[in-house]
Colleague: 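Structure in structure tokens, see below.
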2 protein chains.
Amino acid sequence: MDNFAIDHNSVLPLHLQVEEMLRKLIEQPEYQNGKLLPNEVHIARKLGISRNTVRQAANKLVQERLLVRKKGVGTKVAKNSLTTKLNKWTSFTHEMDEKGVVFKNYSIKVSLVVADKEICSLFNIKEKTKVIKLERLRGLNKGPIVYFISYFHPRTGLTEKEDFSKPLYEKLEKEHNVTVAVSKEGISAILANKNLAEKLHIKIGDPILFRKRVVCDPGDRPIEYNLGYYRADSFTYTIDIAKD
Amino acid sequence: MDNFAIDHNSVLPLHLQVEEMLRKLIEQPEYQNGKLLPNEVHIARKLGISRNTVRQAANKLVQERLLVRKKGVGTKVAKNSLTTKLNKWTSFTHEMDEKGVVFKNYSIKVSLVVADKEICSLFNIKEKTKVIKLERLRGLNKGPIVYFISYFHPRTGLTEKEDFSKPLYEKLEKEHNVTVAVSKEGISAILANKNLAEKLHIKIGDPILFRKRVVCDPGDRPIEYNLGYYRADSFTYTIDIAKD
DNA sequence: ATTAGCATTATGTATGAACATATGAACATA
DNA sequence: TATGTTCATATGTTCATACATAATGCTAAT
């Protein structure tokens, strides 16, 4: 911390600078081993900024469970128990949202296909019924992250000519009066085959997080059958089992 | 909001009072439909408190993804997309931690059992080797939440006489010099049988979140084989797939 | 020796003020 | 019509300050 300086002229807000500083600081073995961090007042004075700003920065790390504070005692690095690093992915997407960096579509393909047995029994429709199939490759600017395949129940009224570049669930709600709620999910890990490897810009045999999902309306009627293939590097996945 | 008053004499901090107020406020249909909340300055003036305190309260909800703020525009309720309510469980446990309310053991049973085939192959030990089996029923004051069964690799040096009421992984690190890191997890949902229903205080047939987990040391050698049966009501589970 | 109480320390809560910056609307100009 | 300009607005950042409260250890009274 000693050889670290705040740049008051930087476009980066002070609290973000301090946050970065703290992240680096707490990597040091002493702090990993449970030594108390310098106290807030001390840090503030040392960096020549307000205590509030230091707190604002530290709050972020507390929120991420990297730090634990104890009134009257001090602040230290959280025991690296199993829960550490847990919220990496969710907070990542949230931050992207906040900064306006959004998931974008790399490519979209819409087709009308004959539903296979699994889909027919899931959707409870006659065999050989045709359904809309949507394939999307999505990711950030730096590259694709997930490859989605979706099948939609005829009930949705979606057609082949639909503009699928708009946000999907928003579209369903607004234009087709269909509200959604996930009901069942299953996840597993698979290895990339040639097709997936090319799409996701990874090597054949690289790990992929595979998610199978049935999206239903509030009445628990299936709306969408969704297959997601995620690049597994640095990926944290969250499932919601809550019913209410 | 109008018929709401701040109690400066309450033991409850102001920001918590405001937080509660906001939670109630945003349940109203108008705000659910996208209407902007009253702005921070207005709320502050109205309640007779500082804007910072209002912000502190609102921050919590932003953090939970219940609210979204937009500079120069205002604050409104987040679109209830699929991610809403996602972090309920993790944030719940975190808050319990902060308040010192901890998971406690309802019952503990330790035994020495002959490892079955699955465990032997997983632990890479000879068939019929005996291993320590630990059964724990854990939860909060209001009742049990999870039933764990753990099998430990002989390498850990754990014995039948061990005091398992202490924190498990802490114990392994300090007393047995074994550091842990989860390596593989699988989760699924099952229905409660008679045994589980009795243990978890639920009805037979109620949903249970089943987690199978192999806990390894940093060298990726298996330490523990863990089966967890979680009450599935209001339960949100998070998996970390990241490797680094 | 044990305990009650006190001082110290660090975080927790709260205030009020000021300026920065993004947004969108109204207005003006080319 | 299209493009700037300005302005009001609401959130974002930062500051200095004050007091509350929990934890810890020391000290003095029992």
Side-chain angles (χ1 to χ4, degrees), chain A residues 1 6-22 26 31 34-63 66-78 94-95 97-101, chain B residues 1 6-22 26 31 34-63 66-78 94-95 97-101:
Chain A
M1 193 187 98
I6 288 292
D7 177 7
H8 278 269
N9 297 322
S10 167
V11 280
L12 219 62
L14 297 189
H15 70 91
L16 286 183
Q17 293 183 44
V18 178
E19 189 188 321
E20 263 194 78
M21 188 274 280
L22 287 176
I26 65 177
Y31 296 120
K35 185 184 168 193
L36 289 175
L37 297 198
N39 72 64
E40 297 171 349
V41 182
H42 180 267
I43 295 180
R45 254 211 329 268
K46 194 100 180 181
L47 299 180
I49 57 177
S50 155
R51 183 185 158 210
N52 281 344
T53 306
V54 175
R55 256 184 95 72
Q56 191 178 354
N59 278 339
K60 198 81 171 284
L61 304 197
V62 170
Q63 180 193 320
L66 287 171
L67 292 182
V68 285
R69 289 202 267 231
K70 216 161 150 191
K71 196 191 281 192
V73 180
T75 305
K76 58 179 183 175
V77 175
H94 189 221
E95 273 167 33
D97 274 6
E98 276 181 337
K99 294 195 176 64
V101 181
Chain B
M1 192 188 99
I6 289 292
D7 178 7
H8 280 269
N9 297 321
S10 167
V11 280
L12 218 61
L14 297 190
H15 71 90
L16 285 183
Q17 293 183 44
V18 178
E19 189 188 321
E20 262 194 82
M21 188 274 281
L22 287 175
I26 65 178
Y31 296 119
K35 186 183 167 193
L36 289 176
L37 297 198
N39 72 64
E40 296 171 349
V41 183
H42 180 266
I43 295 180
R45 254 210 331 265
K46 194 101 179 181
L47 299 181
I49 57 176
S50 157
R51 182 186 160 209
N52 280 339
T53 305
V54 176
R55 256 184 95 74
Q56 190 180 354
N59 277 339
K60 198 81 170 282
L61 305 197
V62 169
Q63 182 194 319
L66 287 171
L67 293 181
V68 284
R69 288 202 267 231
K70 214 163 151 191
K71 196 192 283 193
V73 180
T75 305
K76 57 179 185 176
V77 175
H94 189 218
E95 272 167 34
D97 273 6
E98 277 180 337
K99 295 194 175 62
V101 181

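Chain identifiers are assigned alphabetically (A, B, ...) following the order of the sequence lines, protein sequences preceding nucleic acid strands; residue numbering begins at 1 within each chain. The model shown is predicted, which means the values in this text are computed figures rather than measured ones.
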Colleague: So, is A:Arg51 near the phosphate of D:dA16, with a side-chain N or O under 4.0 Å from OP1 or OP2?
Modeller: no

Colleague: Answer yes or no: is there a side-chain heavy-atom contact under 4.5 Å between B:Ile6 and B:Val18?
Modeller: yes

Colleague: What is the distance, rounded to the nearest whole Å, between atom CD1 of A:Ile49 and atom P of C:dC19?
Modeller: 20 Å

Colleague: D:dC15 C1' sits how many Å from A:Ile6 CD1, rounded?
Modeller: 14 Å

Colleague: Given atom NZ of A:Lys71 and atom C1' of C:dT8, what is their separation to the nearest angstrom?
Modeller: 16 Å

Colleague: Indicate whether OP1 or OP2 belonging to D:dT11 is found under 4.0 Å from a side-chain N or O atom of B:Thr75.
Modeller: yes

Colleague: Between C:dG12, C:dA18, D:dT14, which nucleotide gets closest to the side-chain atoms of A:Gln56?
Modeller: D:dT14

Colleague: To the side chain of B:His8, which of D:dT14, C:dT15, C:dT11 is closest?
Modeller: C:dT15

Colleague: Should B:Glu20 and B:Lys60 count as an ion pair when the cut-off is N to O under 4.0 Å?
Modeller: no

Colleague: Measuring only between side-chain heavy atoms, which start at C-beta, is A:Asn39 closer than 4.5 Å to A:Thr75?
Modeller: no

Colleague: Could you state the CZ-C1' distance from B:Arg55 to C:dA17, rounded to the nearest angstrom?
Modeller: 15 Å

Colleague: Could you state the NE2-C1' distance from B:His42 to D:dA8, rounded to the nearest angstrom?
Modeller: 17 Å

Colleague: Partner lookup for D:dT21, please. Criteria are Watson-Crick or G-U wobble with both distances under 3.5 angstrom; report none if nothing qualifies.
Modeller: C:dA10

Colleague: What is the nucleic acid contact for B:Leu36, judged by heavy atoms within less than 4.0 Å: base, sugar-phosphate only, or nothing?
Modeller: nothing

Colleague: Considering only side-chain heavy atoms of B:His15, which listed nucleotide, C:dG12, D:dT11, C:dA14, is closest?
Modeller: C:dA14

Colleague: Taking any heavy-atom pair under 4.0 Å as a contact, classify A:Asn39: base, sugar-phosphate, or nothing.
Modeller: sugar-phosphate

Colleague: Return the value, rounded to whole Å, for the distance between atom CG of B:Leu22 and atom P of D:dT11.
Modeller: 12 Å

Colleague: Could you tell me which nucleotide pairs with C:dG16 by Watson-Crick or G-U wobble geometry, both distances under 3.5 Å, or answer none if nothing does?
Modeller: D:dC15

Colleague: Would you kindly compare B:Gly72 and A:Asn52 by the position of their nearest DNA chain D nucleotide and give the one closer to the 5′ end?
Modeller: B:Gly72

Colleague: Less than 4.0 Å between a side-chain N and a carboxylate O, is that true for A:Glu40 and A:Arg69?
Modeller: yes

Colleague: Tell me: CZ of A:Arg45 to P of C:dA10, nearest whole Å?
Modeller: 10 Å

Colleague: Do the non-hydrogen side-chain atoms of A:Ser10 and A:Gln17 ever get within less than 4.5 Å of each other?
Modeller: yes

Colleague: Quick check: on DNA chain C, is the nucleotide nearest B:Val73 upstream (toward 5') of the one nearest B:Ser50, or the reverse? Name the residue that is more 5'.
Modeller: B:Ser50

Colleague: In whole angstrom, give the distance that lies between atom CG of B:Asp7 and atom C1' of C:dT13.
Modeller: 15 Å

Colleague: Okay, side chain of B:Glu19, backbone of B:Leu61: is any donor-acceptor separation there less than 3.5 Å?
Modeller: no

Colleague: Verify the contact: side-chain N or O of B:Thr53 to OP1 or OP2 of C:dT13, cut-off strictly under 4.0 Å; return yes or no.
Modeller: no

Colleague: Quick check: on DNA chain D, is the nucleotide nearest B:Lys70 upstream (toward 5') of the one nearest A:Gln17, or the reverse? Name the residue that is more 5'.
Modeller: B:Lys70

Colleague: Compare side-chain N and O positions of A:Arg69 against OP1 and OP2 of C:dG12 and report whether any pair is under 4.0 Å apart.
Modeller: yes

